[in-house]
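Both ligands and their constituent atoms are indexed starting at 1 by order of listing. FYI, the numbering just counts along the sequence from 1.
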Amino acid sequence: MTTPIFRFAPSPNGSLHLGHALSALLNWDLALATGGRLLVRLEDIDPERCRPELIQPLLDDLAWLGLEWELPVRRQSQHMADYTQALQRLTDLDLLYPCYASRPEINEAAVHGQWLRTPDGAPRVPGQGSILTNTETARRAAVGVPAVQRLNMAAALQRLPAMPPIRVFNPAAPLAPATLRSADPAVWGDVVLARKIVPTSYHLAVVVDDALQDVTHIVRGTDMEAATGLHRLLQSLLGLPAPATYHHRLLLAADGAKLAKSRGSLSLSSMRAAGVTPVEIRCRAGLPPARTAASA
Ligand code: GLU
C-alpha cells in the first residue's frame, strides 16, 4: 500500500478565510488519520491576480492552524515547462486549436447562438469555428494576434472508448476502495487550456501537478465537482493517474452565498488578530477537535 498523499492548493490572490481553513484542516486531518503526507501547492499562474507578498501570510495562517507540510512548496509559476509539455502532448493528439476571438466577440456569439454556460458561468464554446470565420482566424494567425488554446471537446471525447468515471473516496474510510461516479466534461465545451498571458490554465496545471506530485487523494469543495469531471478527461488524455477525490461541504456566509476572497469574507489573519484561536476556528468550520498525539 503506497503512502497516501494529500494536498492543499491555495492561490495567493487574497487572504485565506474560514472556507480555506475547512479545506486545509480536512486535508491535514486525513493525512494524519491515514499516516499520509501533506503537500501545500501555490496555484499562482495568474500574474494579474496573484501577489507574491501574500504567500508568506498564507503559509503563516496554515502553520497557525496547526498544519505541517513537506518542503519545498511547489509554486506553479515556476513550472511552466511542465505545463507546456502537457499542452504539446494534446497538440500532438490534434486536440487543441488556437482561438483568436476577443471576449466581446465570444459574448456576442453566445447571445446569437444561445449558448449554454459552463459550470463557472462563462459562455460554453460549442466548437471550432463557432465565433470567427475560418478566413478571419487565418488572417489573425498571419498577423500574430495572440490566441488562447482551446480543447476540441468533441474530438477529445471521441478519442476515448468511454469516458472514465471519477473516483470518489469516503472521508470516514479514506483508504477503502473508491466508489465510481460518472464524469461529464462536455459541460465545459471547448474550454481554454492555455491563456494568452500564460501557457496553461488552472485545469491543466492542476492535473499535471497532481500527477507530478503523486497526489493520491484530493479534498476540495463541492464547488469544484464539475471541474473534477474535466480533470478526469484531461488525466485520461494525458495518460495520468486519477487521484481519489472527496468534495466537502462549503461554508456559507450569513446571506447564503459561499465564502469568497472576492466578496471580502473575514480573513483568518483578522480573526487571529481579534484573538480567535485555532481550536475555535475548527469549531466555527464545523470540525471536531484536533487529534492529539494521545488520540492519534
Ligand atoms: N487553487 C484552487 C483554489 O484556490 C484550488 C483548487 C484545487 O484544490 O484543485 O480554489
Side-chain angles (χ1 to χ4, degrees), residues 4-31 37-52 54-55 57-59 61-62 65 67 69 73-79 82-83 86 118-121 166-169 171 183 185 188 191 193 195 198 200-235 238 240-251 257-263 265 267-268 285:
I5 302 182
F6 294 81
R7 90 302 194 270
F8 177 61
S11 296
N13 57 12
S15 307
L16 298 187
H17 53 62
L18 200 57
H20 295 108
L22 171 63
S23 210
L25 287 166
L26 280 170
N27 272 288
W28 172 233
D29 287 357
L30 283 162
R37 295 162 52 195
L38 177 68
L39 310 176
V40 171
R41 181 168 74 222
L42 295 166
E43 304 210 319
D44 62 344
I45 55 169
D46 187 343
E48 287 163 346
R49 297 182 59 222
C50 292
R51 308 206 322 258
L54 292 176
I55 293 176
L58 182 159
L59 297 175
D61 282 347
L62 296 178
L65 286 176
L67 271 72
W69 57 91
V73 167
R74 183 173 171 96
R75 283 183 63 174
Q76 290 189 324
S77 59
Q78 296 173 346
H79 297 277
D82 291 331
Y83 314 130
T118 65
D120 57 12
I166 296 169
R167 302 176 52 236
V168 178
F169 76 91
W188 294 93
V191 65
L193 291 188
R195 299 177 54 196
V198 278
T200 186
S201 67
Y202 159 69
H203 298 298
L204 184 71
V206 86
V207 159
V208 169
D209 283 352
D210 284 337
L212 283 175
Q213 298 190 287
D214 297 321
V215 170
T216 58
H217 290 71
I218 296 176
V219 177
R220 59 186 172 200
T222 50
D223 53 340
M224 302 301 298
E225 225 152 3
T228 302
L230 174 59
H231 298 176
R232 188 69 195 89
L233 172 64
L234 295 176
Q235 284 152 355
L238 292 166
L240 305 175
T245 304
Y246 162 58
H247 297 104
H248 63 75
R249 67 192 156 84
L250 298 181
L251 295 181
K258 80 175 197 197
L259 298 183
K261 293 175 201 172
S262 55
R263 296 163 43 88
S265 294
S267 68
L268 293 180

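One side chain, Asp209 or Tyr83, offers a donor N or O that lies under 3.5 Å from an acceptor on the other.
Between Ala9 and ligand 1, an N or O atom pair is found at a separation short of 3.5 Å. In terms of polar-atom proximity, defined here as any N/O pair under 3.5 Å, His20 makes no such contact with ligand 1.
Atom numbering of ligand 1 starts at 1 in the shown order; those under 4.0 Å from a heavy atom of Glu43 are 1 (N), 2 (C), 5 (C), 6 (C). Listed by atom number, the atoms of ligand 1 under 4.0 Å from Arg220 heavy atoms are 7 (C), 8 (O), 9 (O). Atoms of ligand 1 found under 4.0 Å from any heavy atom of Arg7 (numbered from 1 in listed order, with element): 7 (C), 8 (O), 9 (O).
A salt bridge between Asp214 and Arg37 is absent, with no side-chain N of the basic residue lying under 4.0 Å from a carboxylate O of the acidic one.
Residue-ligand proximity: Arg41 is placed with every non-hydrogen atom at 4.0 Å or more from ligand 1. Under a 4.0 angstrom heavy-atom cut-off, Phe8 registers as lying outside contact with ligand 1.
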| query | Would Gln213 and Arg7 satisfy side-chain hydrogen bond (donor to acceptor under 3.5 Å, both in side chains), going step by step from the backbone distance to the final call? | reply | CA-CA 9 Å; Gln213 298 190 287; Arg7 90 302 194 270; over 6 Å; no

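In this structure, the side chain of Thr216 engages the main chain of Ile5 through a donor-acceptor pair within 3.5 Å. In this structure a side-chain-to-backbone donor-acceptor pair under 3.5 Å is present from Ser11 to Glu43.
In plain terms, the two heavy atoms of Ala226 and Trp188 that are nearest each other are O-NE1, 3.1 Å.
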